[in-house]
Asker: 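Attaching a single structure in structure tokens format; questions to follow.
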Amino acid sequence: MADLNKDGRYEVVVPFLDSIVIYGATTGNRVLKINRGVNYKTGVLVDDINSDGEYDLVFLKGNTLYAYRYDGTPLWEYQVNYYQISNSIRSY
């Protein structure tokens, strides 16, 4: 939950497999639907990742990590290479 659109009221970000939906916390009304879902059992990071004073959404779908502005505008995407990540993890 965060005041994503700075209207003085919180919004709730709900991840689904086929979309991400933002609802008004006090009304339950849908504020925005992003037609890109998330992986099973993953969520959405809500933070100002680029320090511009606006909230952003970061989520994983398939092998791609996506970043969107709170208004649904795409910021960037990154192809995740799980093989490379798993090979870089070492036990100490």
Side-chain angles (χ1 to χ4, degrees):
M1 275 185 25
D3 183 6
L4 298 172
N5 56 10
K6 297 182 181 180
D7 65 355
R9 296 179 300 228
Y10 284 108
E11 286 76 40
V12 178
V13 179
V14 181
F16 294 102
L17 293 176
D18 66 343
S19 61
I20 296 170
V21 182
I22 301 173
Y23 296 98
T26 57
T27 65
N29 293 333
R30 186 171 82 179
V31 176
L32 177 72
K33 179 178 180 182
I34 298 172
N35 291 318
R36 186 171 308 275
V38 300
N39 286 350
Y40 181 68
K41 293 188 178 180
T42 62
V44 178
L45 170 71
V46 178
D47 202 351
D48 181 8
I49 63 169
N50 55 3
S51 301
D52 66 353
E54 302 292 335
Y55 282 107
D56 307 300
L57 310 174
V58 179
F59 55 94
L60 185 65
K61 180 64 176 180
N63 290 340
T64 306
L65 185 66
Y66 294 95
Y68 276 68
R69 286 187 41 139
Y70 77 91
D71 63 1
T73 304
L75 292 173
W76 52 260
E77 61 183 66
Y78 176 75
Q79 294 296 315
V80 178
N81 182 332
Y82 291 110
Y83 177 77
Q84 186 177 30
I85 293 170
S86 66
N87 284 335
S88 66
I89 298 172
R90 299 185 182 153
S91 298
Y92 293 98

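Excluded from the calculations below are hydrogen atoms, water molecules and symmetry mates; all remaining heavy atoms, backbone and side chain alike, are included.
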Asker: How close do Pro15 and Gly43 get, counting heavy atoms only, and between which atoms?
Answerer: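 Reported closest heavy-atom pair: CG-CA, 4.2 Å.
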
Asker: Just verifying a value: how many Å separate Asp48 CG and Glu54 CD, rounded to the nearest 0.5 Å?
Answerer: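 Asp48 atom CG to Glu54 atom CD measures 7.5 Å (nearest 0.5 Å).
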
Asker: Roughly how far, to the nearest 0.5 Å, is the CG atom of Leu57 from the CZ atom of Arg69?
Answerer: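 Taking CZ in Arg69 and CG in Leu57, the distance rounds to 10.5 Å.
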
Asker: Could you tell me whether the side chain of Lys61 and the main chain of Ser19 form a donor-acceptor pair under 3.5 Å?
Answerer: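 Judged by distance alone, no pair lies under 3.5 Å.
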
Asker: Compare all side-chain heavy atoms of Val38 with those of Val44 and state whether any distance is below 4.5 angstrom.
Answerer: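 Result yes, sub-4.5 Å side-chain heavy-atom pair found.
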
Asker: Would you give the length of the straight line joining atom CD1 of Ile20 to atom CG of Asn35, rounded to the nearest 0.5 angstrom?
Answerer: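 Going from CD1 on Ile20 over to CG on Asn35, the span is 10.0 Å.
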
Asker: Taking side chain as C-beta onward, heavy atoms only, is Thr64 less than 4.5 Å from Val80?
Answerer: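 Side-chain contact under 4.5 Å: no.
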
Asker: So, for Leu32 and Gly72, which heavy atoms are closest and what is the spacing to 0.1 Å?
Answerer: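 For Leu32 versus Gly72, the nearest heavy atoms are CD2-N, 3.6 Å.
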
Asker: For Tyr40 and Leu17: C-alpha separation, side-chain torsions, deciding distance, then whether side chain to side chain contact (heavy atoms under 4.5 Å, CB included) applies.
Answerer: CA-CA 7 Å; Tyr40 181 68; Leu17 293 176; 4.1 Å; yes

Asker: Shared ILVMFWY cluster between Val21 and Val31, side chains joined below 4.5 angstrom?
Answerer: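 Each belongs to a different hydrophobic cluster.
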
Asker: Taking all non-hydrogen atoms of both residues into account, name the closest pair between Leu45 and Ile49 and its distance.
Answerer: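 The answer is CD2-CG2, 4.4 Å.
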
Asker: Is there a path of hydrophobic side-chain contacts, each under 4.5 Å between heavy atoms of I/L/V/M/F/W/Y residues, joining Val14 to Tyr68?
Answerer: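 Result: no, two separate clusters.
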
Asker: Honestly curious: do Tyr23 and Leu4 fall in one hydrophobic cluster under the side-chain, below-4.5 Å linking rule?
Answerer: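 No, no single cluster joins them.
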
Asker: Side chain of Asn39, backbone of Gly62: donor and acceptor closer than 3.5 Å?
Answerer: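 Pair found, side chain donor or acceptor close to backbone of Gly62.
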
Asker: Are side-chain heavy atoms of Ile34 and Tyr66 found at a separation under 4.5 Å?
Answerer: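 Sidechains of Tyr66 and Ile34: no contact.
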
Asker: Taking the side chain as everything from C-beta on, heavy atoms only, tell me whether Tyr70 gets closer than 4.5 Å to Asn5.
Answerer: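 Touching, per the 4.5 Å side-chain cut-off.
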
Asker: Please tell me if the side chains of Asp3 and Glu11 come closer than 4.5 Å, counting only heavy atoms from C-beta onward.
Answerer: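 Counting from C-beta outward, Asp3 and Glu11 do come under 4.5 Å.
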
